[in-house]
There are 2 protein chains.
Amino acid sequence: MMISTRGRYVLRLLLDIAEHQGEGYVSLKDSAERQEISKKYLEQIVIIPDVSKMLVSKGGKNGGYRLAKDADEYTVGEVLRAAEGSLSPVACLEINHSPCPRSADCIALPVWKGLDEVINKYLDGMTLQDVLDKKPGYDGGDNYVI
Amino acid sequence: MMISTRGRYVLRLLLDIAEHQGEGYVSLKDSAERQEISKKYLEQIVIIPDVSKMLVSKGGKNGGYRLAKDADEYTVGEVLRAAEGSLSPVACLEINHSPCPRSADCIALPVWKGLDEVINKYLDGMTLQDVLDKKPGYDGGDNYVI
DNA sequence: ATAATGCCTACAAAACCTATAGGAATAGTA
DNA sequence: TACTATTCCTATAGGTTTTGTAGGCATTAT
């Protein structure tokens with residue numbers, strides 16, 4: 001299992017904010033209730049640096065969050081990477097991972113590189129707006145999914 | 001990170017066995033040394049039921065393992081699922097997961113279903129023999145990887 | 001007999017996941 | 001000013017999973 005609640009909750013939160021922000025701000029309380037997610041847990045997730053950069057916040061009464069850019073300017077991949085740190089299927093492909101001394105010989109490495117590419121291509125080919133619109137997503141083959 | 005050492009080690013082990021089994025058996029000791037993996041840890045991994053079904057073992061001196069079927073009869077996806085249990089990117093798509101009461105409304109679910117499909121299509125489109133042959137793998141787009 | 005192997009069970013440190021808790025700072029509103 | 005609703009910050013913690021280590025029994029070839 002690759003995407004933890006962090007990634008899943010952030011995606012749902014951003015979609016919820018995108019859907020409910022009019023001219024104003026969406027409070028975590030409201031999003032948490034609608035999405036049935038612990039508000040306290042969400043609080044911790046939105047302060048992940050790369051996540052908070054995607055949002056504009058306002059404290060105090062009637063405060064909350066709104067997207068810093070339009071929903072069609074964020075890909076699902078971007079959002080998930082912000083929350084999860086990395087979407088690499090294996091540790092050895094992660095940024096900041098100490099170079100594996102076996103990488104030159106590793107017979108399995110090309111499998112992981114291809115998998116990484118397939119995953120990122122799929123997730124980066126889809127924006128938040130696409131998800132809201134329930135736009136069919138290219139599934140990487142000849143078929144459309146959703 | 002989706003594929004743990006269990007999956008990565010099993011894939012390397014099976015590839016190592018496929019490469020070194022002639023008419024005989026390949027001992028874990030030899031594979032472990034070649035692959036620089038703890039032999040004791042490998043012992044525990046090969047007794048995972050779905051993994052052990054892919055192997056034929058022989059105890060005693062000159063014993064070891066060989067593949068139960070030919071290397072071109074096992075897909076990488078099969079091998080990884082045997083070791084990891086599931087390759088689902090999110091918990092809610094796993095077999096035996098209690099049905100999520102929100103699934104009918106969940107705006108994010110189609111994203112995960114598409115991702116699951118892309119991942120499994122890639123990994124099931126590649127056999128152990130393909131990896132040994134370093135055969136280019138279809139990366140789900142217009143490009144070949146490896 | 002001996003040695004090399006698989007097979008089995010138990011233990012455990014470390015990391016990660018999934019939160020909960022309390023309170024400070026901020027900003028509207030009466 | 002007082003009140004309320006919100007974000008923001010830090011600490012704590014139980015549970016699960018990962019990644020092994022350790023010891024010994026069973027099996028088989030020589």
Side-chain angles (χ1 to χ4, degrees), chain A residues 1-10 12-13 17 20-21 23-33 35-49 51-66 68 80 83-86 88-92 94 97, chain B residues 1-10 12-13 17 20-21 23-33 35-49 51-66 68 80 83-86 88-92 94 97:
Chain A
M1 216 262 303
M2 149 189 219
I3 314 283
S4 68
T5 54
R6 263 200 310 279
R8 302 206 305 278
Y9 289 178
V10 163
R12 284 165 57 194
L13 176 65
I17 291 173
H20 292 93
Q21 73 184 11
E23 294 305 308
Y25 291 79
V26 181
S27 74
L28 278 192
K29 179 167 176 285
D30 289 349
S31 280
E33 279 171 8
Q35 297 295 324
E36 300 176 88
I37 298 173
S38 153
K39 180 197 152 212
K40 277 296 196 180
Y41 192 22
L42 276 183
E43 280 181 8
Q44 282 189 49
I45 292 174
V46 292
I47 61 174
I48 295 169
V51 172
S52 71
K53 282 172 196 150
M54 300 184 164
L55 296 167
V56 175
S57 69
K58 194 175 116 182
K61 197 165 181 176
N62 297 328
Y65 295 91
R66 44 182 302 113
L80 294 177
E84 299 280 343
S86 162
S88 296
V90 295
C92 53
E94 277 162 18
H97 190 264
Chain B
M1 215 262 303
M2 152 188 219
I3 313 283
S4 68
T5 54
R6 263 202 309 282
R8 303 206 304 279
Y9 289 178
V10 162
R12 284 165 59 194
L13 175 66
I17 291 172
H20 291 93
Q21 71 183 12
E23 295 304 307
Y25 290 79
V26 181
S27 74
L28 277 191
K29 178 167 178 286
D30 289 349
S31 280
E33 281 172 5
Q35 297 295 324
E36 299 176 88
I37 299 172
S38 152
K39 180 196 153 210
K40 278 294 194 181
Y41 192 23
L42 276 183
E43 281 182 7
Q44 283 188 47
I45 291 174
V46 293
I47 61 173
I48 295 169
V51 172
S52 71
K53 283 172 196 151
M54 299 183 163
L55 297 166
V56 175
S57 68
K58 194 175 115 178
K61 193 162 183 178
N62 297 327
Y65 294 91
R66 45 185 301 113
L80 295 177
E84 299 280 342
S86 162
S88 296
V90 293
C92 53
E94 277 164 16
H97 190 263

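On a predicted model such as this, the values are computed, not experimentally measured, just so you know. Here is the naming used below: chain letters follow the sequence lines, and residue numbers restart at 1 for every chain.
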query: Of B:Lys61 and A:Lys39, whose nearest nucleotide on DNA chain C comes first from the 5' end?
result: B:Lys61
task: Could you tell me whether the phosphate oxygens of D:dG20, OP1 or OP2, come under 4.0 Å of any side-chain nitrogen or oxygen in B:Tyr9?
output: yes
- request: Among D:dA29, D:dT4, D:dT6, find the nucleotide with the atom closest to the side chain of B:Lys58.
  value: D:dA29
task: Just compare C:dG6, D:dA29, D:dT7 and give me whichever is closest to any side-chain atom of B:Leu28.
output: C:dG6
- request: Answer yes or no: does a side-chain N or O of B:Ser38 lie under 4.0 Å from OP1 or OP2 of D:dT21?
  value: yes
task: Give the minimum heavy-atom separation between B:Val56 and B:Ala68, together with the two atoms involved.
output: CG2-CA, 3.8 Å
query: Just by distance, do the side chain of B:Gln21 and the backbone of B:Tyr65 share a donor-acceptor pair under 3.5 Å?
result: no
query: Taking all atoms of both residues into account, what is the closest heavy-atom pair of B:His20 and B:Val26, and its distance?
result: C-CG2, 3.8 Å
Between the protein and nucleotides 9-14 of chain D, are there any N/O to N/O pairs under 3.5 Å, and if so, what are the atom names and distances?
residue : atom : partner : partner atom : Å
D:dC9   : N4   : A:Glu43 : OE1          : 3.3
D:dA11  : N6   : A:Gln44 : NE2          : 3.2

query: Any idea which of D:dA29, D:dT6, C:dT5 is nearest the B:Ser27 side chain?
result: C:dT5
- prompt: In whole angstrom, what separates B:Ile37's CD1 from D:dT21's C1'?
  reply: 16 Å
task: Choose from C:dT18, D:dT4, D:dT7 the nucleotide whose nearest atom is closest to any side-chain atom of A:Thr5.
output: C:dT18
- prompt: Over how many whole Å does the gap from B:Leu42 atom CG to D:dT19 atom P extend?
  reply: 13 Å
message: Looking at C:dT18, I'd like to know if its phosphate oxygens (OP1 or OP2) sit under 4.0 Å from a side-chain N or O belonging to A:Arg6.
response: no
query: Can you tell which of C:dA3, D:dT18, D:dT7 lies closest to the side chain of A:Ser57?
result: D:dT7
message: Could you check whether any side-chain N or O of B:Arg66 sits under 3.5 Å from a backbone N or O of B:Ile17, counting only pairs where one atom can act as donor and the other as acceptor?
response: no
task: Grab the OH-P distance between B:Tyr25 and C:dC7 for me, whole Å please.
output: 11 Å
field: Any A:Tyr41 side-chain N or O less than 4.0 Å from OP1/OP2 of C:dA21
entry: no
task: Please state how far atom CG in B:Asp30 lies from atom P in C:dA4, giving the value in whole angstrom units.
output: 12 Å
- line: Of C:dA4, D:dT19, C:dT29, the nucleotide closest to the side chain of B:Ser4 is D:dT19
- prompt: How long is the line joining CD1 of A:Ile3 and P of C:dC17, in whole Å?
  reply: 11 Å
field: Distance, rounded to the nearest Å, where A:Lys29 contributes NZ and D:dT4 contributes C1'
entry: 12 Å
message: If you define the side chain from C-beta out and look only at heavy atoms, does anything of A:Val46 sit under 4.5 Å from A:Leu13?
response: yes
task: With DNA chain D as reference, determine whether B:Gly60 or B:Glu84 sits nearer its 5' end, using the nearest nucleotide of each.
output: B:Glu84
- line: Heavy-atom closest pair (B:Ile48 atom, B:Ala83 atom, distance to 0.1 Å) is CD1-O, 3.9 Å
field: Rounded distance [0.5 Å steps], CD1 in B:Ile47 versus OG in B:Ser57
entry: 11.5 Å
B:Ile48 CD1 to D:dT18 P, straight-line distance once rounded to whole Å: 10 Å
query: Base, sugar-phosphate alone, or nothing: which one does B:Tyr65 contact when heavy atoms must sit under 4.0 Å apart?
result: sugar-phosphate
query: CD1 of A:Ile45 versus C1' of C:dC16: gap in Å, rounded?
result: 14 Å
- prompt: Under 3.5 Å, side chain of B:Arg8 to main-chain N/O of B:Ile3, donor-acceptor pair present?
  reply: yes
